[in-house]
There are 2 protein chains.
Amino acid sequence: MQPLEKVSERPVSQPEKNTKVYVEIVRQLREMIYKDELKPGDKIPSERELSERLNAGRSSVREALRALELLGLIETRRGEGTFIRDFRGNQLVQLLSTFILQDDKAKQDVIETKSMIEVDCLYLAAEKVQQEEIERLKVWIDEHNFEDEEFFKTIAELADNHLFYRIWYILNDYYNALNLKVSPSEKEDYQKLVDSLATKRGDLILERYRMLRKMSTS
Amino acid sequence: MQPLEKVSERPVSQPEKNTKVYVEIVRQLREMIYKDELKPGDKIPSERELSERLNAGRSSVREALRALELLGLIETRRGEGTFIRDFRGNQLVQLLSTFILQDDKAKQDVIETKSMIEVDCLYLAAEKVQQEEIERLKVWIDEHNFEDEEFFKTIAELADNHLFYRIWYILNDYYNALNLKVSPSEKEDYQKLVDSLATKRGDLILERYRMLRKMSTS
DNA sequence: CCTACTTCAGTGGTCTGACCACACATATCC
DNA sequence: GGATATGTGTGGTCAGACCACTGAAGTAGG
């Protein structure tokens, strides 16, 4: 034990900022995750240890952790610990949408944006995908009954762009939260769309996408 | 009662067991806001009052409030109170991406994504913009020395889609953070690009954009 | 009467310490 | 060896104590 000196201890290491402690802790956590290269599933230090290491009260640490939990970035299991979470939309979008999206314009924006992001993902997938993967995808379409979002999730993955994937994922959650769930189209339309990827022709892909979505070809 | 509830994993039938207090408080708050028709700027009850009314500890109330604050849904002012925030925007992407975006490939993804988002914005702008605004933009190009990002910020605004605007804005921030600042192109190229908007021809816009960015026309 | 100042109640911000419920590893017992 | 107790560590929650700050009520001075 250390001698209990009562030196003037500043909360956390931060030069006289107005930033709240819990925000600072969020920042530190992000840094920690980055520096230690923590991946989804990894464990982060316990609340008590963080409280000590960051020189803050446990309640402040908890405020930060709870916020991150609600964001879906971490996961806590009583008796075990706190873990980095594999990102998923979780309740967050649900939460936000019930709070936010009464606005009709916002709703329209979601629809519009999702559609365009999907096309972007299709373009990227067309550039990057191997013929072999296209074949596999076609077989998958044939052999499974799937939701529309499963298909585009696959496309977003094939696009091999983490940012686009995240963006699409979020938009899709919004979509669902708005009760705009897309009903699956005909398998034939999916097949045609996938075929168009092989051609790597942007205009054709766009046309097939619009066909699938039954949009006008404006 | 509440037709909004979609219910995923919390059968409200037995609210005791598996629900953390702070999550329940978030739920109650949402309900309260909905029932009392609270709008941005309105004040919500103090932490102590909530703690009493909801029969929970103040720290639990705070965990809920801090989470909502980090989400940008509420705003707290010491000595004054807690207020509903004007959150028409979607800072979701912002929050998540500041946390995510760490790996090496991320840099390449940013470049790729920004480029495609810009094209999307151009398409949208082309659809929505008035001839008069195009003229004004052309004059502006002529009469000002501007940064590339100023130009595309304008385009993103003209696209009239808040989501795209946010996404572009964030990507641009990352771009700068990664020292990838785009040097302004020739005014002539901007002019040609803007001209292409008037035609509303996607292929032409894309071509002009690639010319501006000196990308191959693959 | 009207300013200018003081006071005070209310609010968020933070910390501490105390329990509880639970998970897991260890030691113990049969 | 396998089943069972036990111990330690973890998150979950609460209560209470200060602090810093705001705004309004109250007060003193002009």
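Proteins come first, then strands; the chains are lettered A, B, ... in the order of their sequence lines, and each starts at number 1.
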Selection from dC21(D), dG11(D), dT22(D) that lies nearest to any side-chain heavy atom of Glu80(B): dT22(D)
Donor-acceptor pair present, Arg58(B) side chain and dG13(C) base, under 3.5 Å: yes
Parallel, tilted or perpendicular, as decided by the 30° and 60° cut-offs, for the rings of Tyr209(B) and Phe152(B): perpendicular
Closest nucleotide among dG11(D), dC14(D), dG12(C) to the Ser59(B) side chain: dC14(D)
Atom pair distance, as rounded to whole Å: CD in Glu63(A) and P in dT13(D): 14 Å
dG12(C) base / Arg66(B) side chain donor-acceptor hit below 3.5 Å: no
Derivation of the side chain to side chain donor-acceptor pair (under 3.5 Å) call for Tyr190(B) and Asp148(B): CA-CA 9 Å; Tyr190(B) 289 108; Asp148(B) 184 84; 2.6 Å; yes
Integer-rounded Å distance: dG17(C) P and Arg62(A) CZ: 17 Å
Length of the line joining Glu69(B):CD and dG12(C):P, which is rounded to integer Å: 11 Å
Spacing of Arg78(B) atom CZ relative to dT11(C) atom C1', expressed in whole Å: 10 Å
Within the 6.0 Å centroid threshold, strictly below: Phe146(B) and Trp140(B): yes
Phosphate contact (dT11(C) OP1 or OP2) by Thr82(B) side-chain N/O below 4.0 Å: no
Identified side-chain contact (heavy atoms from CB on, under 4.5 Å) counterpart of Leu65(A) within the set Leu73(A), Leu70(A), Leu29(A): Leu29(A)
Any Arg77(B) side-chain N or O less than 4.0 Å from OP1/OP2 of dC21(D): no
Euclidean distance, atom NZ of residue Lys43(B) to atom P of dT22(D) [Å, nearest integer]: 15 Å
Working for salt bridge (charged side-chain N to carboxylate O under 4.0 Å, His left out), residues Arg48(B) and Glu52(B): CA-CA 6 Å; Arg48(B) 290 174 178 82; Glu52(B) 193 171 336; over 6 Å; no
Integer-rounded Å distance: dT14(C) P and Glu24(A) CD: 11 Å
Nearest-nucleotide pick for Lys20(B), side chain only, options being dG13(C), dG12(D), dC15(C): dG12(D)
Ion pair Lys43(A)/Glu80(A), N-O distance below 4.0 Å: no
Least distance between heavy atoms, Trp168(B) atom then Glu149(B) atom: CH2-O, 3.4 Å
Close residues, residues 47-57 of chain B, relative to DNA chain C [heavy-atom separation under 4.0 Å]: Glu47(B), Arg48(B)
Short side-chain N/O contact to dG13(C) OP1/OP2 from Ser60(A), under 4.0 Å: no
Spacing of Glu75(B) atom CD relative to dC21(D) atom P, expressed in whole Å: 18 Å
Atom-to-atom span, CG of Leu65(A) to P of dT10(D) - whole angstrom: 13 Å
